[in-house]
Protein chains: 2
Amino acid sequence: MTRAAFFVLTALADQPRHGYGILREVEELSDGEVQLRVGTLYGVLDRLTADGLIVLDREEVQQGRLRRYYRLTDEGVAALDAEAERMAAGAGAAKRRIAAGRAGAPARPAGEGPAGLLPPAAPGLAGGLA
Amino acid sequence: MTRAAFFVLTALADQPRHGYGILREVEELSDGEVQLRVGTLYGVLDRLTADGLIVLDREEVQQGRLRRYYRLTDEGVAALDAEAERMAAGAGAAKRRIAAGRAGAPARPAGEGPAGLLPPAAPGLAGGLA
DNA sequence: CAGAATATATCGGCTGCCGATATATATCGC
DNA sequence: GCGATATATATCGGCAGCCGATATATTCTG
């Protein structure tokens, strides 16, 4: 799943929204950090629809403007949930390894044992994702 | 930052590694879920080097095979840390909104108040990333 | 001796993101 | 009234990046 697709699904996770609303919502929920572009949106919407992760919920005409609302399917919710899980796991793995790196390398101010040997603690700290 | 770049940085976070070692390490640290391809690796390595996030640590010849070791720069560590933070925040936002969606829509079996109003708790739960 | 693993690297194709552009209506300030 | 901005849709071409295929070379295993 691409980053753009992830944020579209996230924007739709609490309620159905229309295209322009998704744009604004992604910016708001990411605290302005992620800006989903108009040129990106419709391709993502088409792909997610084709993949069965979202569906066209309804079309409304509000104040003379057409609004096309999309919502998550059950499959879409499951996919978003799984992706969030993967991201959290990846983030956790990175954090743990950064900590392991800080503990392993700079803890030794100058020369010590043989040459380039790792400190005994390092391998076990790495751990997996699950 | 691309996904591939994130995993390369993560693989290098605890200690310097060579290209083929990064490939194996990414697969291992992700519990087999992420498979970084050979055709992807060297482009990523070049870009990360150009961006100053990694540097060539040393070159060794072990058992007749050349090994080119890379390591994270301070900037690389900071970038990886920031990206991990963003991913964790994104994952958290998705999880919260999924929960809000489940609470908002299917919790009401049939018609109730006005029309399409959200339950009072919903807006506050959405929250930002930071 | 053949095949797999280790280790490097390149290239073409395809996917996907983005900026620009187009169209249309409503609103706001001047 | 008129231009600028906001709302709302959509398309297209360029560019970046991932992947499969391919190439080369050595070591290890069967």
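The chains referred to below are lettered A, B, ... by the order of the sequence lines, with proteins before strands, and numbering in each begins at 1. Because the structure is predicted, anything quoted here is derived from the model rather than measured. Note: hydrogens, waters and symmetry copies are ignored here, and every other heavy atom, side chains too, is used.
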*Do the side chain of A/Arg68 and the main chain of A/Leu56 share a donor and acceptor less than 3.5 angstrom apart?*
no
*To the side chain of B/Arg65, which of D/dT7, D/dT26, C/dT8 is closest?*
D/dT26
*How long is the line joining NE2 of B/His18 and C1' of C/dA5, in whole Å?*
12 Å
*Within the structure, does a side-chain N or O atom of A/Arg37 lie under 4.0 Å from either OP1 or OP2 of C/dC17?*
no
*Could you tell me the separation between the OH atom of A/Tyr20 and the C1' atom of C/dT27, rounded to a whole number of Å?*
13 Å
*How long is the line joining CG of B/Leu36 and P of C/dT8, in whole Å?*
12 Å
_B/Arg67 with B/Glu60: basic N within carboxylate O range, under 4.0 Å_ = no
*In whole angstrom, what separates A/Leu41's CG from C/dG19's P?*
14 Å
_Gap between atoms OH and C1', on A/Tyr42 and C/dG16 respectively (whole Å)_ = 17 Å
*Does a nitrogen or oxygen in the side chain of A/Thr2 sit under 4.0 Å from OP1 or OP2 of C/dG16?*
no
*Rounding to a whole Å, what distance do you find between B/Glu59:CD and C/dT8:P?*
10 Å
*asked:* Surrounding CG of A/Asp46 (heavy atoms of other residues, nucleotides or ligands, distance under 6.0 Å), is the total greater than 12?
replied: yes
*Nearest to side-chain heavy atoms of B/Arg47, which nucleotide of D/dC18, D/dA8, C/dT6*: D/dC18
_Just to be sure I understand the rule, does B/Gly43 reach a base, reach only the sugar-phosphate, or reach nothing, if contact means heavy atoms closer than 4.0 Å?_
nothing
*asked:* Counting C-beta onward and ignoring hydrogens, is there a side-chain heavy-atom pair between B/Val77 and A/Ile98 closer than 4.5 Å?
replied: yes
*asked:* Distance check needed: D/dA16 C1' versus B/Leu48 CG, whole Å only.
replied: 14 Å
_Can you identify which nucleotide, out of C/dC18, C/dC17, C/dA9, has its nearest atom closest to the B/Arg68 side chain?_
C/dA9
*Linking I/L/V/M/F/W/Y whenever any side-chain heavy atoms sit under 4.5 Å apart, do B/Leu45 and B/Leu53 land together?*
yes
*B/Val44 or B/Val38, whichever maps to the more 5' nucleotide of DNA chain D*: B/Val44
*To the nearest angstrom, how far is A/Arg17 atom CZ from D/dT9 atom C1'?*
18 Å
